[in-house]
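Reminder, nothing fancy here: chain letters follow the sequence lines and each chain counts from 1.
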Amino acid sequence: MNPKQEQLGPNHRFLAAVGASTMAPFWVAGAIVLLLPRALVGLKERGWPAREVLRQAYSAGNRSVLLVAVTLASVGMILVYHGGLQAQRVLGDMSPVGPAFIQILLREFGPTIVGLMVAARVGGGIAAEIGSMVVTEQIDALRMNAADPIRFLVTPRLIAVFLTTMALTVFGCAVAVASGAVTANVLFGVPHQSFLNLSMTEPGDLITGLIKAAAYGVYVPLAASWAGLSAGIGSEGVGRATTSGVVVGSLGIIVLSSVIGAVTFAFGL
Amino acid sequence: MSIEFKSLCKSFDGSRVLEDVSLAVEPGEVLFVIGTSGTGKSVLMRHVIGLHRPDSGEVWVHGQRVDLLSERELFEIRKRCGFVFQHPALLDFLSLEENVAMPLRRRFGLGRKDATERAVSWLSQVGITKDARSLPSEVGPGIRKRASIARVVALGPEYIVYDEPTTGLDLVNARRIDNLIRRLATETKVTTVVVSHDLRSIFGIADRVAFLYLGRLHALGSPEELRESNDPILSQFLRGRAEGPMVL
Amino acid sequence: MTCPPDDAGTKGGLGDALGQDLDASRRGAASYQGSSSYEDGVGASDNLFRRTGRVCIEVLSELGAMAYLAGRSIAALFPPRVEWQGLIISMHRFGVQSMPLVIATAFLTGVVVLLLAAVYVRAYGATQLVGWAAGYATFRELGPVLIALMFSGRVGSKNTAELAAMKLTEQIDALRALAIDPYAYLVIPRLVAMALVLFALTLMGNLFAIVGAATTGELLLDVSYHTFWNSFAENVRLADLLHGLFKAVVFGIAIGIVSCRCGLSARGGATGVGRAVNRSVVSSALAIFVLDYLITYLLP
Ligand SMILES: Nc1ncnc2c1ncn2[C@@H]1O[C@H](COP(=O)(O)OP(=O)(O)OP(=O)(O)O)[C@@H](O)[C@H]1O
Ligand SMILES: [Mg+2]
């Protein structure tokens with residue numbers, strides 16, 4: 001709480017609290033966005049921290065590949081099941097199930113669900129890692145050695161998670177399509193040829209999906225690093241940082257998904 | 001019926017902490033356990049209420065062999081035997097008062113009002129009055145420590161293990177805690193084990209002192225006997241000299 | 001691998017609850033380190049089989065530990081003694097913490113469900129489908145699953161962080177030393193509160209999802225609210241709603257078990273809390289998907 005608030009009367013204090021909690025998301029968003037140029041500047045000054053990027057990308061991919069596979073397989077199954085029920089009930093024709101599923105998967109679900117999983121797994125991990133560095137004063141030690149913690153910690157994670165997210169999105173979509181095809185075949189007897197059909201997918205869908213994946217790939221590591229860097233004290237501090245890394249990450253993805261969806265829709269993609 | 005360790009050994013991840021410790025606490029006495037940091041005093045004490053189990057050896061409390069009891073059966077022992085942790089370990093979401101009152105309510109089914117009354121009176125016995133309603137995070141470590149002592153003694157156990165009750169307290173409060181420990185032992189015959197680095201408490205209230213060194217029981221006797229002893233290691237420890245035969 | 005007597009030498013067989021948790025995880029860590037250093041020496045023999053085997057063993061022992069926690073919690077229910085204060089405080093906290101996130105998610109779910117149906121509506125003019133499609137998919141599947149995912153991210157992870165911090169500052173041991181069963185005092189109120197709160201949130205979220213779907217239909221597909229409502233009211237049954245709410249309760253208990261287990265088995269200082277939280281979020285997500293599949297498959 002702001003010390004100034006104590007001077008206000010009860011009504012004003014209430015308004016101030018409402019105002020503060022309304023503004024909080026914007027402050028957070030601003031802080032996260034501001035991390036981007038600072039991380040990129042590090043890149044320009046020092047070149048690619050190739051080794052660290054590889055290490056981070058390996059750990060991020062290794063950690064989340066199983067989760068993404070299971071999640072996207074389940075999502076593929078659920079969506080095809082419901083799409084199939086709808087088609088069966090209304091159209092009596094199962095041929096659009098596959099193409100419709102693939103279209104909406106590439107445009108909406110694939111990138112967003114993968115993004116949410118990356119936010120939970122990798123984002124939470126980054127927030128925990130950086131958060132415990134803050135708590136154990138390793139960040140201050142970095143500063144004492146005149147090393148910029150952002151360039152040192154955030155830049156390689158940003159690049160690594162960006163690359164990993166793109167790769168995982170492609171992988172996750174492939175898994176979802178495969179599990180969807182199997183589901184449609186087993187439950188509704190749809191042959192694979194008619195399921196794996198891109199007739200409803202347009203370039204715009206693919207572009208929208210890719211834009212989303214890229215945006216999440218940039219947003220998640222920044223949000224997680226922000227959460228980690230603003231950790232409080234003690235073991236609770238790390239816990240809170242990790243939680244807020246996951247929460248801010250997944251909320252941001254939902255917002256980004258809507259915004260990008262609206263913008264691409266407006267551009268007729 | 002008291003507390004007894006029989007040739008107890010304990011190691012963590014292959015490194016030996018306690019080696020063949022045998023020690024019997026007499027009913028109603030105040031036994032001090034002293035020794036250098038990291039020699040395993042806290043580990044030894046945690047065996048009494050089954051928070052650690054020995055690799056070999058036996059632990060007897062109130063006529064029962066606790067190292068064989070299940071968690072459920074241990075609760076009966078823990079109702080008889082209070083334990084004050086080295087780090088206060090108060091529940092961080094309850095105020096000091098509630099921290100003391102909650103076990104009273106759960107254990108004895110007291111009403112909220114009675115439990116709070118008793119909690120307040122025990123807190124004042126350890127010198128906490130105006131901070132009783134604060135959360136543990138809002139008060140200093142010395143107050144937390146004393147509140148954690150109040151939480152245990154309020155339950156009226158027959159045995160109490162204190163792990164460094166006076167460490168980090170000012171001299172006045174440390175003597176008050178000493179008096180409380182002594183009074184409980186003398187008046188209500190509480191069998192007491194105290195881990196301490198505080199020489200004033202040791203020579204003030206101990207009936208007997210056990211000296212642990214490198215995970216073994218090195219010496220045992222009354223405070224006077226230990227003071228007069230000419231064992232080089234013991235006398236270096238009690239006089240607090242940097243130079244001497246002790247290895248760390 | 002030899003069991004240290006910390007958990008093996010007990011008469012009850014079940015062993016020392018939390019001590020066992022601790023030792024089990026310590027042993028896991030030790031064996032992991034042991035095997036990796038061994039592999040360093042052997043070089044090429046880190047094969048797929050060994051890795052798969054290790055993962056399987058870890059998953060199984062984790063499942064065992066969770067079953068153990070569930071069993072201990074149920075055992076702690078006897079004699080029945082409701083920690084009303086803890087229950088109400090937990091419910092309030094969990095509800096307040098997750099409300100905004102759940103409303104946002106639910107609304108988005110509605111939008112997304114409608115987009116799923118939009119293809120048919122656009123291509124085949126099947127407007128009579130819209131309300132049913134939205135209601136059926138939301139109530140039975142997407143509503144409970146997505147809301148539970150968000151709930152686990154917000155509430156489950158916070159719960160893990162709290163319990164982990166309590167574990168690492170010896171508060172859990174202190175409860176045991178006071179002869180208060182941590183399962184009865186800490187775990188049960190949280191399990192019950194999570195089940196009840198997730199039930200209520202799903203009920204409320206369904207409402208927002210339907211509003212979101214109807215609005216999307218009106219704005220994007222020119223399906224009037226009236227058409228939407230007719231299709232919804234005619235085709236969606238109470239059973240669909242109940243099916244989803246049953247899932248919500250199961251998910252709530254599962255998130256509770258997973259998050260408590262991860263918190264109580266935390267070790268290793270500040271870093272340990274972060275690791276526990278991370279593990280909790282991921283395991284909850286997996287648990288939700290597996291249970292969703294099982295319930296959909298087994299229940300009408
Ligand atoms: N749970 C545990 N796991 C692994 N090692 C432990 C554990 N608990 C204690 N140890 C080790 O056992 C040794 C003895 O610790 P203990 O806390 O008993 O020392 P102490 O005599 O109480 O010291 P101090 O006076 O500083 O409190 C230490 O080396 C410690 O690292
Ligand atoms: Mg100690």
Atom pair CZ (C:R190) and CD1 (C:I255), whose distance is rounded to the nearest 0.5 Å: 15.0 Å
Of A:I254, A:I113, A:L79, the largest count of non-hydrogen pairs under 4.5 angstrom with chain C goes to A:I254
Part of C:A133 within contact of chain A (heavy atom distance under 4.5 Å): both
Could you show, one pair per line, the donor-acceptor contacts under 3.5 Å between chain C and chain A?
{"from": "C:E141", "atom 1": "OE1", "to": "A:H82", "atom 2": "NE2", "distance (Å)": "2.8"}
{"from": "C:N235", "atom 1": "OD1", "to": "A:R89", "atom 2": "NH2", "distance (Å)": "2.7"}
{"from": "C:N278", "atom 1": "OD1", "to": "A:R121", "atom 2": "NH1", "distance (Å)": "3.1"}
{"from": "C:N278", "atom 1": "ND2", "to": "A:A120", "atom 2": "O", "distance (Å)": "3.0"}
{"from": "C:N278", "atom 1": "ND2", "to": "A:R121", "atom 2": "O", "distance (Å)": "3.2"}

Less than 4.5 Å apart, side chain to side chain, heavy atoms only: is that true for A:V68 and A:V175? no
At a 4.5 Å cut-off on heavy atoms, which part of A:V97 comes close to chain C: side chain, backbone, both, or neither? both
Is there side-chain contact between A:V263 and A:I260, with heavy atoms separated by less than 4.5 Å? no
Drop me the distance from A:M200's CE to A:I104's CD1, to the nearest 0.5 angstrom. 11.5 Å
Proximal component of C:V282, with respect to chain A [non-hydrogen, under 4.5 Å]: both
Do the non-hydrogen side-chain atoms of C:V277 and C:C262 ever get within less than 4.5 Å of each other? no
What part of A:F109 is in contact with chain C, defined as an atom under 4.5 angstrom from a non-hydrogen atom: side chain, backbone, both or neither? side chain
Report which part of C:M166 has an atom under 4.5 Å of a heavy atom belonging to chain A: side chain, backbone, both, or neither. neither
Can you name the closest pair of heavy atoms from C:F228 and C:V223 and give their distance? N-CG1, 4.2 Å
Minimum heavy-atom distance C:G143-C:N206, with the two atoms named: CA-OD1, 4.4 Å
Got C:V155 and C:V197 here, is their nearest side-chain heavy-atom distance under 4.5 Å? no
Report the distance from atom CZ of C:F139 to atom CD1 of C:I210, rounding to the nearest 0.5 Å. 4.5 Å
Any side-chain heavy-atom pair of C:F251 and C:V145 under 4.5 Å: yes
Based on non-hydrogen pairs under 4.5 Å, which of A:L116, A:I78, A:V70, A:V246 is most in contact with chain C? A:I78
Between C:V111, C:L168, C:L101, which residue shows the highest count of heavy-atom pairs closer than 4.5 Å to chain A? C:L101
What part of A:L66 gets closer than 4.5 Å to chain C, counting heavy atoms only: side chain, backbone, both or neither? neither
d(C:L163 CG, C:R261 CZ) to nearest 0.5 Å is 12.5 Å
Which one of A:V135, A:V255, A:L251 has the most heavy-atom pairs closer than 4.5 Å to chain C? A:L251
